[in-house]
Amino acid sequence: IPVQNIRNFSIIAHVDHGKSTLADRFLEITGAIAKESGESQVLDRLQVERERGITVKAQSASLKYVMNNTEYMLNLIDTPGHVDFSNEVSRSLATCQGVILLVDANQGVQAQTVANFFLAFSNDITIIPVLNKIDLKNAEPERVSEQLNTLFDINKDDILKVSAKLGTGVEDVLKAVINRVPPPSVNRDASFRALLFDSWYDRYRGVILLVYITDGMLQTGDEIASIHTQKCYEVKSLGLLRPEEEPCHKLLAGQVGFVTCNMRTTEEAQIGDTLHHKKQKVDSLHGFKPLKPMVFAGVYPMDQSQHTSLRSAIEKLVLNDSAVTVTIDSSWTVALGHGWRLGFLGLLHMEVFNQRLDQEYDAQAVITAPSVTYKAKLKGEKNIKRYGRSEISFSNPVYFPDPTIVEEFLEPMVMGTIITPDSYLGPIMSLCIEHRGVQQNSKNIDNHRVMLQYLMPLNEIVIDFYNQLKSVSSGYASFDYEEYDYVSSKLIKLSILLNGIPVDELSTIVHISKASVMGRRMCLKLKEIIPRQLIQIAIQAAVGGKIVARETLKPFRKDVTAKLYGGDVTRKMKLLKRQAEGKKKMKMVANIELPRETFIDVLKR
Ligand code: GDP
Ligand code: MG
């Protein structure tokens, strides 16, 4: 296929605006899947994705489409649709010359629409604005077009209107992709060069790479090398994803395809890396930006006998999710034993990972409250010498440094964007202030909707901010954020004691202004989530040895069969069995049984 007949594009949209549905229609129209195969959302492969309705891992498909007697190759790069994964969106965009900016004609522009637009815009990518769900009774294409015009200066005549569900207008979108998006500008005569933009693990073939060829061509048997790792491989197979694998013998510049080369670990497949022929050195392609975990949490087996199986499950899962970082965490862990410290892109990423451990590997883990990475500037020559540097980083509350050796603490900030109907403005602004947000910007995007921007500490949003925002706005406000800088902050470590024993896994790092409020809230919450036990339990919160809050959990003898009068033995057995199962999900900490969700739930409202 000549380069001028290739189009590389992706669909970017706020979650639920219909990206997967539109992708399915594209697959049907181009014959990649049969109509009414009943298999909806073909590109969403994971069980969690179907359940949560969000795309976690980008999947792609090469579509063949004939227009005016010319055959085109349309490479659709699917992108994940949640704030946690915006880094994955940007790496997918590095392969694209165009994007479809899909907006629900009923909901209108949302926070992710804004973030996605500027991502594409700043990369000089052609943007095709498309309104979806025009079949809905309360669709307001006029109003939403107005928003696109106000916010992004988009010409209303350029906006397409479709129903991805019914298929209305969808073919016009494909035509617009061909007419408006330029073909990739690549050089087929140069020596081979490719951008590695996705990878996953296959038990039999090792790592499968998804690449965008920018120069020359690639054939089976070629010897290739990575600029980043300097490692060499022999190409075993390559081909197109349509979306099923369609093997071929060569991939030409401009194309997107998969490659296998006996690569054993996804760690070797650094997203954004440049590949080249082993013997022909090339310059690295721009845009290598390693995925950076933002949120860290401890992961532990329910009991130590499950240590090996949990480790193997984590290893397997990480093979398919290179955005997760794993370090071994041990020795200090009094209550939970040996475990790991995992880094995630965000809270949703963490929950998805946990759910996949459970569903795909039947591995139940205890996950501790997530934390962000803080920094501390050290005081005095002696301390600097001892640590070998003047600034240290830590995410685990256990490693919170002694405040007397710290000159200044720093915490990471984000720039958050919120879009909301104006009737919720009051409660949303209070919520942001409560989370230490500082307003930077506010703009009316139509008669009833406002866009707000707040500078906020990352640690204030990783736990529960998103749910609270949804709840104060009856689900109408949307939120997205991007990384900002580190700023000076007054941080303290809030410790939790159960019957006088400090439980490090429950301790957390908070801003000084929150110490007593958080302490009280955590004690109350623990009182609520810890089941009553045979002994009385004192729950205390402390800062530097000073108790700031206290609750007492009264003892209680749990006898689930007490209410049953004699006779029904099977019912009694059933209940006893259920009680035993309930026990399995408990974790012994400081001689107290804690439900495994305690460590995260304690921080939620
Ligand atoms: P994604 O999160 O952007 O991938 O969104 P999905 O494709 O999963 O769609 C979210 C929901 O909107 C699903 O329930 C779809 O059936 C529905 N949906 C998608 N397109 C349309 C449409 O054109 N009209 C209507 N009425 N519903 C749609
Ligand atoms: Mg989807």
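Remember, it's 1-based here, ligands and their atoms both numbered in the order they're listed. Just so it is clear, the values below take in all heavy atoms, side chains as well, and ignore hydrogens, waters and symmetry mates.
- Polar contact with ligand 1: present for Ala164 (N/O pair, distance under 3.5 Å).
- No side-chain donor-acceptor contact under 3.5 Å links Gln453 to the backbone of Met451.
- Under 4.0 angstrom from ligand 1, the non-hydrogen atoms of Thr21 come from both its backbone and its side chain.
- Remark: side-chain polar atoms of Asn123 are paired, donor with acceptor, to backbone N or O of Leu119 under 3.5 angstrom.
- Heavy atoms from both the backbone and the side chain of Ser20 come within less than 4.0 Å of ligand 1.
- Contacts of Leu136 with ligand 1, taken as heavy-atom pairs under 4.0 Å, involve the side chain alone.
- The aromatic rings of Phe117 and Phe152 lie parallel to each other, with less than 30° between the two planes, well short of the 60° mark.
- Shown in contact with Lys19 at under 4.0 Å from a heavy atom are these atoms of ligand 1, numbered in order with element: 1 (P), 3 (O), 4 (O), 5 (O), 7 (O).
- Between atom CD of residue Glu146 and atom CG of residue Asp446 there is a gap of 8.0 Å, rounded to the nearest 0.5 Å.
- Classified by interplanar angle (parallel below 30°, tilted 30° to 60°, perpendicular above 60°), the ring pair Tyr476/Tyr424 is parallel.
- When the options Lys133, Lys137, His14 are ranked by their closest heavy atom to atom 28 (C) of ligand 1, first place goes to Lys133.
- For Thr420 (side chain) and Ala477 (main-chain N/O), no donor-acceptor pair under 3.5 Å exists by modelled atom type.
- Of all the listed residues (Gln112, Lys165, His17), Lys165 holds the heavy atom that lies closest to atom 27 (N) of ligand 1.
- Ligand-side atoms of ligand 1 in range of Asp16: 1 (P), 2 (O), 3 (O), 5 (O), 10 (C), 12 (O), range being under 4.0 angstrom from any heavy atom.
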